[in-house]
Amino acid sequence: MWSNEYTAISPLPARAIWNALKALHEGRLTYEGSDTFVLHGPFAKGTRVSVTPVGQDTFESTIVDLVENVTYADQTSFGDSTLLFRHTLVPVEGGTQVTHRLEISGPAAEVGPELGPQISGDFDTSMARLFEEAKALANRG
C-alpha cells in the first residue's frame with residue numbers, strides 16, 4: 001500500500017467546511033482547478049459518483065464512508081489498484097483540522113510511488129480553495 005496525506009487547519013467550524021465539501025461532491029459547487037462530480041443517487045454511502053478531473057477522462061467512484069461533519073471517502077478501482085480518497089474533519093481549538101488522504105492498494109499498488117504524487121500533488125492547493133469556498137458559502141448564509 002502507498003499513501004499520502006495533507007493536513008491544514010481552518011478557522012471555520014467543521015459544519016462550514018462540510019457544507020462546501022458536500023456541495024462539491026454533489027456537483028453543486030465547482031471552482032477553478034476542482035474536479036467535477038456527478039452523483040448517481042443520494043449523498044450517502046454506496047452511491048456511485050462520476051468524477052472528472054480537470055483535463056482528464058471521467059472515472060467512476062463509490063462513496064464508501066460518510067459521517068456528516070466528520071468524514072467523506074470514495075473509492076475507485078483502476079485495474080488491480082484501488083484508490084481511496086478520504087477527507088477527515090476534526091474540531092480543534094480555533095477551528096477545524098482537515099486531512100485529505102490518498103491510499104493506493106491492491107496487487108498493482110507498486111504504481112503508488114509514481115502515480116500517487118501525480119494525484120495528490122495538489123492537495124495543498126485544493127484544500128486552500130475548499131476553505132475559500134467554505135468561507136464564501138458561510139458568508140452567504
Would you say the side chain of [Y] lies within less than 4.5 Å of the side chain of [X], judging by non-hydrogen atoms?
X: L66; Y: T71; value: no
X: F59; Y: P53; value: yes
X: N4; Y: P117; value: no
X: H40; Y: V38; value: yes
X: T47; Y: L39; value: yes
X: S81; Y: W2; value: no
X: I63; Y: F43; value: yes
X: V64; Y: L84; value: yes

May I ask whether [X] and [Y] are part of the same hydrophobic cluster, defined by side-chain heavy atoms of I, L, V, M, F, W, Y residues being less than 4.5 angstrom apart, directly or through others?
X: L115; Y: F123; answer: yes
X: V70; Y: L130; answer: no
X: Y31; Y: F85; answer: yes

Report task. Go through I17 and N19 one step at a time and tell me if the side chain to side chain contact (heavy atoms under 4.5 Å, CB included) criterion holds. Result -> CA-CA 5 Å; I17 296 167; N19 287 341; over 6 Å; no
Query raised in the report: CD of E114: more than 12 outside heavy atoms within 6.0 angstrom?
Result: no
Which pair of heavy atoms, one from [X] and one from [Y], lies closest together, and at what distance?
X: A20; Y: L137; result: CA-CD1, 3.7 Å
X: S105; Y: M1; result: CB-CG, 4.2 Å
X: T58; Y: S50; result: CG2-CB, 3.8 Å
X: W18; Y: L89; result: N-CD2, 3.8 Å
X: T82; Y: S77; result: OG1-OG, 4.0 Å
X: F78; Y: T76; result: CE1-CG2, 3.5 Å

Report task. Verify whether the ring centers belonging to H100 and Y6 lie closer than 6.0 Å. Result -> no
Query raised in the report: Taking the six-membered ring for Trp, are the ring centroids of Y72 and H25 within less than 6.0 Å of each other?
Result: yes
Answer yes when [X] and [Y] have at least one side-chain N-carboxylate O distance shorter than 4.0 Å, and no when they do not.
X: R101; Y: E103; value: yes
X: E68; Y: K22; value: no
X: K45; Y: D65; value: no

Without swapping roles, check the side chain of [X] against the backbone of [Y] for a donor-acceptor pair under 3.5 Å.
X: S126; Y: D122; value: yes
X: S10; Y: L12; value: yes
X: T96; Y: P91; value: no

Requested in this report: May I have the step-by-step check of salt bridge (Lys or Arg N to Asp or Glu O under 4.0 Å) for R129 and E132, ending in yes or no?
Outcome: CA-CA 5 Å; R129 290 301 310 268; E132 289 172 16; 3.3 Å; yes
Query raised in the report: Looking just at side-chain N and O atoms, do T36 and T52 make a donor-acceptor pair shorter than 3.5 Å?
Result: no
**Report entry** Distance, nearest 0.5 Å, that separates CD of E133 from CG of L21
**Finding:** 12.5 Å
